[in-house]
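Reading through the structure tokens given below for one structure.
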Amino acid sequence: MTGASTGRSGGRAVVLGGSMAGLLAARTLSDSFGEVVVVDRDPLTDGTGPRRGVPQGRHAHGLVAQGQQILEGLFPGLTEELIGAGVQVGDFSGDIRWYFGGRRMRPTRSGLLSLAATRPVLEDRVRRRVFAIPGVVTRTGHSIDGLVTDRGGRRVVGARVTPEGGEPTTLEADLVVDATGRGSRTPVWLEELGYERPPEERVGIRLAYTTRHYRLNCDPFGDDIAIIPAATPSHPRGAFFYPVPGGHVQLSLTGVLGDHPPTDPEGYTDYVRSLPIPDIHRAIADAEPLDDPVTIRFPASVRRRYEALNRFPEGFVVVGDAVCSFNPVYAQGMTVAAREALTLRRHVSAPRPLSARRFFADVARDVQAPWDLAAGSDLGYPGVEGRRTPLTRLVNAYTTRLQQAAVHDARLSEAFVRAAGLVAPPQSIMRPSLLLRVARHSLIRPGRPGPQSPRLSSALPRKGNT
């Protein structure tokens, strides 16, 4: 099944960029357009290796709970298909060992699913589904050169593209969607067409991921699918450690504000040893490295406020990281892209013509809560660049207390993962009943240690981790 409807009205949509945001946009556009053309400079063939155009594809990725729910709705049976491909699926709270400030949140059964899939595997399965939809076609190996407008410049009527080794050509379209990611040139294109650039918000985190793969001689996971000591202002070094398809594990280390995990093997191991929990270092101490550490840097989260523009050409919209590029440690990017794909479907299927201004107003609502969560959390680090308000400081102080109290209180753990999984708004963690629970734990357990992490098993790895 592709999950596509049969209610197409004809016409052509052109999607610039074949990454997750572009694929999800193509999926929802296929319900309304007779032809959807996905353009990318990379080959978009089946495969589970990292793509050149997705440099973070080599590093830890997560699909939070709402993202899993939306993808399953767009592609029925996708979760089972991923399980069949070797992806481990578990409860977002009960099957992941979350550590904040070096202390483990008390696990609980939240009923929310987490997919421990690498980005290439997830993207491959979604790509197969999208390209199986009748009317969805690709133009791979093409550079994306710009937009084509009508004479008045008020409407985009196509895109200029150039095949590798070929001549520039125009892809005519009733709708063009920019899903080219953080490097989107839409602000430049708008300026060339006589429009204003969108205002931008930036939160400078100066993050780096450094990733390595191992074959383990022991099983550190037991029945869990991941071990995640999350970075916090009190413990700014973090990690994502989980089994991946192929019978090995992936370890992505994170560091902020220039304290970046090294790429030399000895320095990498020393960084692992410095994490606030010992479990991961014990697991890799005698493991077989399968590659050398590789790094990606992420200087800042960037939000482009297209909804603030008074003028914008019709027949053209922007989605995904091209609108808002989040700090990847919060695993929000793909889920927000999925939200925006649903918004796009709603707008193109409405009786009235698609209005860019109305679309961007709705996209701003898709982005707002995740941005508040990610940008607000990053501003808890004293060295991070960005505007802090009294509310930001209050929320960050409260969130730290909630995480400390969640070491002992599963109700607080569940509330936190529901907000982090984007199935509940960020303000939900400040409901009066939860405020009281946090206050009570802060009073009666100001310094008591939380539950200890399970001992590392010396048994042979389970769940295919050999």
How far apart are the C-alpha atoms of D178 and F316, what are their side-chain angles, what is the distance that settles it, and do they pass the side chain to side chain contact (heavy atoms under 4.5 Å, CB included) test?
-> CA-CA 8 Å; D178 177 7; F316 178 55; 3.9 Å; yes
Evaluate side chain to side chain contact (heavy atoms under 4.5 Å, CB included) for I70 paired with L342, printing each intermediate quantity in order.
-> CA-CA 9 Å; I70 295 175; L342 296 184; 3.8 Å; yes
Walk me through it: do L354 and V317 pass the test side chain to side chain contact (heavy atoms under 4.5 Å, CB included)?
-> CA-CA 10 Å; L354 184 147; V317 295; 3.9 Å; yes
Should V363 and V323 be marked as a side chain to side chain contact (heavy atoms under 4.5 Å, CB included) after you check the CA-CA gap, both sets of side-chain angles, and the distance that decides it?
-> CA-CA 9 Å; V363 163; V323 172; 4.0 Å; yes
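Going from atom NE2 of H213 over to atom CG of D292 covers 12.5 Å, rounded to the nearest 0.5 Å. Note that CZ of R127 is 10.0 Å distant from CG of L122, once rounded to the nearest 0.5 Å. Remark: L63 CG to L113 CG distance equals 10.0 Å, nearest 0.5 Å. With rounding to the nearest 0.5 Å, the separation of OG1 in T186 from CD in E192 is 10.5 Å. Rounded to the nearest 0.5 angstrom, L24 CG and L71 CG are separated by 5.5 Å. Distance check: M20 CE to M334 CE gives 5.5 Å after rounding to the nearest 0.5 Å.
Inspection of the Q68 and S114 side chains reveals no N or O donor paired with an N or O acceptor under 3.5 Å. For the residue pair S19 / R119, a side-chain donor-acceptor distance below 3.5 Å is found, with atom types taken as modelled. A side-chain N or O of Y242 and one of Q250 form a donor-acceptor pair less than 3.5 Å apart. Side-chain N/O atoms of D91 and S110 include a donor and acceptor closer than 3.5 Å. Between the side chains of Q66 and T335, no donor-acceptor pair is found at a separation under 3.5 Å. No side-chain donor-acceptor contact under 3.5 Å links N327 and S301. Between the side chains of T295 and T210, a donor-acceptor pair is found at a separation under 3.5 Å.
Using modelled atom types, one side-chain atom of T28 and one backbone atom of A341 make a donor-acceptor pair closer than 3.5 Å. Side chain of H260 to backbone of R206: a donor-acceptor contact under 3.5 angstrom is found. Checked by atom type and distance alone, the side chain of E72 pairs as donor or acceptor with a backbone atom of T79 at under 3.5 Å. A side-chain donor-acceptor contact under 3.5 Å links R304 to the backbone of A322. When atom types are taken as modelled, the side chain of S377 and the backbone of L373 share a donor-acceptor pair closer than 3.5 angstrom. S428 places a side-chain N or O within donor-acceptor distance of the main-chain N or O of P425, the cut-off being under 3.5 Å. A donor-acceptor pair is defined here as one N or O able to donate and one able to accept, closer than 3.5 Å; no such pair exists between the side chain of D95 and the backbone of V89. Judged by distance alone, with hydrogens and angles left aside, the side-chain atoms of R27 form a donor-acceptor pair with the main-chain N or O of L74 at under 3.5 Å. Counting only distance, with no hydrogens or angles, the side chain of E314 and the backbone of A356 share a donor-acceptor pair below 3.5 Å. Of the possible polar contacts, one joining the R339 side chain to the D366 backbone as a donor-acceptor pair under 3.5 Å is found.
A side-chain hydrogen bond (donor to acceptor under 3.5 Å, both in side chains) with E201 holds for exactly one of R303, R305, R387; it is R305. Screening L344, V348, L175 against S32 for a side chain to side chain contact (heavy atoms under 4.5 Å, CB included) leaves a single residue, V348.
Around atom CD of E196, no more than 12 heavy atoms belonging to other residues, nucleotides or ligands sit under 6.0 Å away.
Taking the ring-ring contact (aromatic ring centres under 6.0 Å, His included) definition, one finds that Y306 meets it with F312, F360, sequence neighbours left out. The side chain to side chain contact (heavy atoms under 4.5 Å, CB included) check on T392 picks up L379, T389, N396, with sequence neighbours excluded. Under the ring-ring contact (aromatic ring centres under 6.0 Å, His included) criterion, F241 pairs with F221, not counting sequence neighbours. H281 pairs by the ring-ring contact (aromatic ring centres under 6.0 Å, His included) definition with nothing, not counting sequence neighbours. A search for ring-ring contact (aromatic ring centres under 6.0 Å, His included) contacts involving W98 returns F92, not counting sequence neighbours.
Using a 4.5 Å cut-off on side-chain heavy atoms (C-beta onward), E288 and L290 make contact. For the pair P276 and Y99, the minimum side-chain heavy-atom distance is 4.5 Å or more. For the pair P198 and L190, the minimum side-chain heavy-atom distance is below 4.5 Å. Looking at heavy atoms from C-beta onward, P220 lies in side-chain contact with I227 at the 4.5 angstrom threshold. Looking at F326 and P370, their side chains come closer than 4.5 Å, going by heavy atoms from C-beta outward. By the 4.5 Å heavy-atom criterion applied to side chains, V121 and V87 are counted as neighbours. Between R129 and L23, every side-chain heavy-atom pair lies at or beyond the 4.5 Å cut-off.
Both tests hold for R311 against Y195: distance to the six-membered ring centre under 6.0 Å, angle to the ring axis within 45°.
Ion pairing between R346 and D362 holds under the 4.0 Å rule for side-chain N and carboxylate O.
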Side chains of residues 152-173: which donor-acceptor pairs under 3.5 Å do they make with residues two or more places apart or in other chains?
from : atom 1 : to   : atom 2 : distance (Å)
R155 : NH2    : D174 : O      : 3.3
R160 : NH1    : L147 : O      : 2.8
T162 : OG1    : D145 : OD2    : 2.5

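Of all heavy-atom pairs spanning R125 and A85, the tightest one is NH2-CB, 3.7 Å.
Relative orientation of the F240 and Y209 rings is parallel, given thresholds of 30° and 60° on the angle between their planes.
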